[in-house]
Amino acid sequence: MPAILPNVMEPAPSPIEDVEKKFVSHAPGFWEGEDIPAETWADYKWQLKNRINSLADLEKHITLSEEERSGVILSGNKLAMSITPHFFNLIEKDNPNCPIRRQIIPRVEETWIADYEMSDPCGEDSHMPVPGLVHRYPDRVLFLVTDRCASYCRYCTRSRVVSGAGEQTLDMDHEAAFKYLEEHTEVRDVLLSGGDPLLLSDGKLEKILSRLRAIPHIEFLRIGSRIPLFLPQRITPELCQMLQKYHPLFLSVHANHPRELTMEVKEGLERLSNHGIPLGNQSVLIKGVNDDLDIMRSLVHKLLMCRVRPYYLYQMDLIEGSAHLQVPVAKGIEIIEGLRGHTSGYAIPQYVIDAPGGGGKVPINPDYMVQRNEERVIVRNYEGKTYEYPEPAIDLVDEDEIAVK
Ligand SMILES: *Cc1c(COP(=O)(O)O)cnc(C)c1O
Ligand code: SF4
């Protein structure tokens, strides 16, 4: 018998901890010792009321860096800080580079503005025929129905108008929007966003949905919401029962890191699915959060397990004060290339750049076309092998002969 050899077959430790691959509950977490009854914790109104939104709240639980401290102080007149206890519990107490922390705790870098950054990077304000309605594409509109969210993402493309902290307010005129939609028969798809539409009460949201459903040419409704991640407690059976009256209704959530997919989140997403609501996910590529193939793979796999189809991966908009969170486009392409062919096609989002100034979403793809001319295309597969595909020959058929017959 040979002496015990070091086990060279031991796989290299994965950069993702196992806990990130599982669906776990992080409650009560930082609220341990406060003896909060489970039903209180599960009450979304309690979660909203107990959000972390001051320096004192934060420092009760975690030690801030100088950059974060200044960031929190300066955020008061830019984009507010507000973090639900549910989401706050995902923070790793002693990790200054925690991917959750980077998304929701302000940093002083947010006040450093590069000359190519903009307060309205997608040119939404100039594409609003009526306040709150962005009509950029021929057949669909973006309808901003509220300026509040359950928590605020530091890189938010609409930080100029959400949270109520900045100077600019989100002008909304729901009646004018309904009138515009009634008159514009080319609009067949309305996407409710904000802010977060699921922060509205069931009654208010139902008023909007029923008004839209009464317009005959509107075929398709969808909601963009980060509430299933920030505040899964809001996904009540009553909300789901209300929503299912307005089918076909799709919902796009916004998860960026696998740790966001907790047990509570999974249950909320399943509840939505069980009411017939198809779910998609839109992620933003963020430095130090998900600019890594292993993290992204874990995220998209967990999403599929929650019956959520990864829909878009956004290159971050050039919002003011976002340079510290920006990732090079090459990295995004590399991540997509690392997924395509290597895992389920259903797991792969479309990587897009929302063209600065208002050009809309432009797909960005790895280049699989090696060569193309009239006779053939040469393609490369996920393993890097090349294949030739002959183009259909155009003049195989003798047209005179056909005419004679
Ligand atoms: C993203 C977006 C839409 C929806 O685009 P899809 O590609 O259809 O999901 C519609 N209007 C605006 C202004 C948008 O930014
Ligand atoms: S949830 Fe959406 S709208 Fe709200 S702060 Fe985050 S990115 Fe902006």
Side-chain angles (χ1 to χ4, degrees), residues 51 53 75 78-84 87 100 102-106 110 120-129 132-166 170 177 181 184 186-200 219-231 234 250-256 260 278 280-286 289 309-317 319 322 325 349-363:
R51 282 182 288 183
N53 41 30
S75 68
K78 191 187 160 270
L79 173 70
M81 176 185 71
S82 198
I83 311 163
T84 58
F87 203 77
I100 300 299
R102 289 179 70 78
Q103 296 184 58
I104 47 165
I105 298 184
E110 286 178 25
D120 178 16
C122 299
E124 293 179 336
D125 291 345
S126 59
H127 282 80
M128 285 192 197
L133 202 66
V134 187
H135 194 176
R136 178 182 338 277
Y137 299 106
D139 67 341
R140 55 209 191 278
V141 296
L142 177 66
F143 188 4
L144 306 177
V145 295
T146 171
D147 64 354
R148 297 303 148 99
C149 303
S151 297
Y152 295 101
C153 313
R154 305 319 305 170
Y155 50 84
C156 177
T157 192
R158 263 172 235 130
S159 54
R160 71 190 182 285
V161 286
V162 301
S163 93
L170 177 62
L181 292 170
H184 285 259
E186 74 277 19
V187 178
R188 41 160 289 287
D189 170 0
V190 177
L191 163 54
L192 300 185
S193 182
D196 200 314
L198 296 189
L199 208 54
L200 298 177
E219 300 169 354
F220 183 55
L221 296 176
R222 38 179 170 158
I223 297 176
S225 171
R226 208 179 175 187
I227 286 248
L229 288 303
F230 279 151
L231 185 64
R234 173 71 184 95
F250 282 40
L251 195 123
S252 284
V253 303
H254 170 181
N256 296 318
E260 295 172 38
N281 182 61
Q282 321 198 68
S283 296
V284 177
L285 189 57
I286 311 168
V289 175
R309 164 82 158 98
Y311 180 44
Y312 283 137
L313 170 64
Y314 288 92
Q315 176 67 13
M316 188 178 289
D317 292 330
I319 187 74
S322 65
L325 300 173
Q350 174 64 57
Y351 182 36
V352 291
I353 291 182
D354 213 332
K361 298 177 184 71
V362 179

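Note that ligands are numbered from 1 as they come in the structure, with each ligand's atoms numbered from 1 the same way. If you read the sequence from its start, that first residue is 1, and numbering goes on from there. Just so we're clear, the structure is a prediction, and the values are computed from it rather than from any experiment.
The shortest side-chain heavy-atom distance between Arg51 and Phe230 does not fall under the 4.5 Å cut-off. Inter-residue side-chain proximity for Val284 and Asn256 is flagged as met; some heavy-atom pair is nearer than 4.5 Å. Contact annotation: the side chain of Glu124 approaches that of Leu142 to within less than 4.5 Å [non-hydrogen atoms, C-beta and beyond]. Contact of the Val187 side chain with the His135 side chain is registered, since non-hydrogen atoms from C-beta on lie closer than 4.5 Å.
Defined by atom type and a distance below 3.5 Å, a donor-acceptor pair is missing between the side-chain atoms of Arg234 and Ser225. Judged purely by distance below 3.5 Å, without hydrogens or angles, the side chains of Tyr312 and Asp354 never pair a donor atom with an acceptor atom.
The shortest N/O to N/O separation between Arg136 and ligand 1 does not fall below 3.5 Å. On a distance-only criterion, Glu124 and ligand 1 share no N/O pair closer than 3.5 Å. Among the atoms of Tyr312, some N or O lies under 3.5 angstrom from an N or O of ligand 1.
Of the protein's non-hydrogen atoms, the one nearest atom 9 (O) of ligand 1 is Tyr311 OH, 2.6 Å. If you check which protein heavy atom lies closest to atom 2 (Fe) of ligand 2, you get His254 ND1, 4.4 Å. In terms of protein heavy-atom proximity, atom 7 (S) of ligand 2 is closest to Cys153 SG, 3.7 Å. Protein heavy atom in closest approach to atom 1 (S) of ligand 2: Arg226 CB, 3.6 Å.
The backbone N or O of Leu325 sits nowhere less than 3.5 Å from a side-chain atom of Ser322 that would complete a donor-acceptor pair.
Between Ile319 atom CD1 and Cys122 atom SG the span is 8.5 Å, to the nearest 0.5 Å. To the nearest 0.5 Å, atoms CZ (Phe250) and CG (Asp189) are separated by 10.0 Å.
Interface of Tyr137 with ligand 1, defined as ligand atoms under 4.0 Å from a residue heavy atom, comprises 2 (C), 3 (C), 10 (C), 11 (N), 12 (C), 14 (C). Which parts of ligand 1 touch Leu142 is read off a 4.0 Å heavy-atom cut-off, strictly below it: atoms 11 (N), 12 (C), 13 (C). Proximity to Val134 (heavy-atom distance under 4.0 Å) selects the following atoms of ligand 1: 13 (C).
Note on Cys156: counted as a metal contact of atom 8 (Fe) of ligand 2, an N/O/S atom lying under 2.8 Å. At a threshold of 2.8 Å, atom 4 (Fe) of ligand 2 has a backbone or side-chain N, O or S atom of Cys149 nearer than that distance.
With a 4.0 Å heavy-atom cut-off, ligand 1 is reached by the side chain of Arg140 but not by its N, CA, C or O. With a heavy-atom cut-off of 4.0 Å, Arg222 touches ligand 1 through its side chain alone. Contact annotation for Lys361 and ligand 1: only side-chain heavy atoms (C-beta onward) come within less than 4.0 Å of the ligand.
Each of Leu144, Val145, Ile227, Leu191 was evaluated against Pro197; a single residue qualifies, Val145, per the side-chain contact (heavy atoms from CB on, under 4.5 Å) test.
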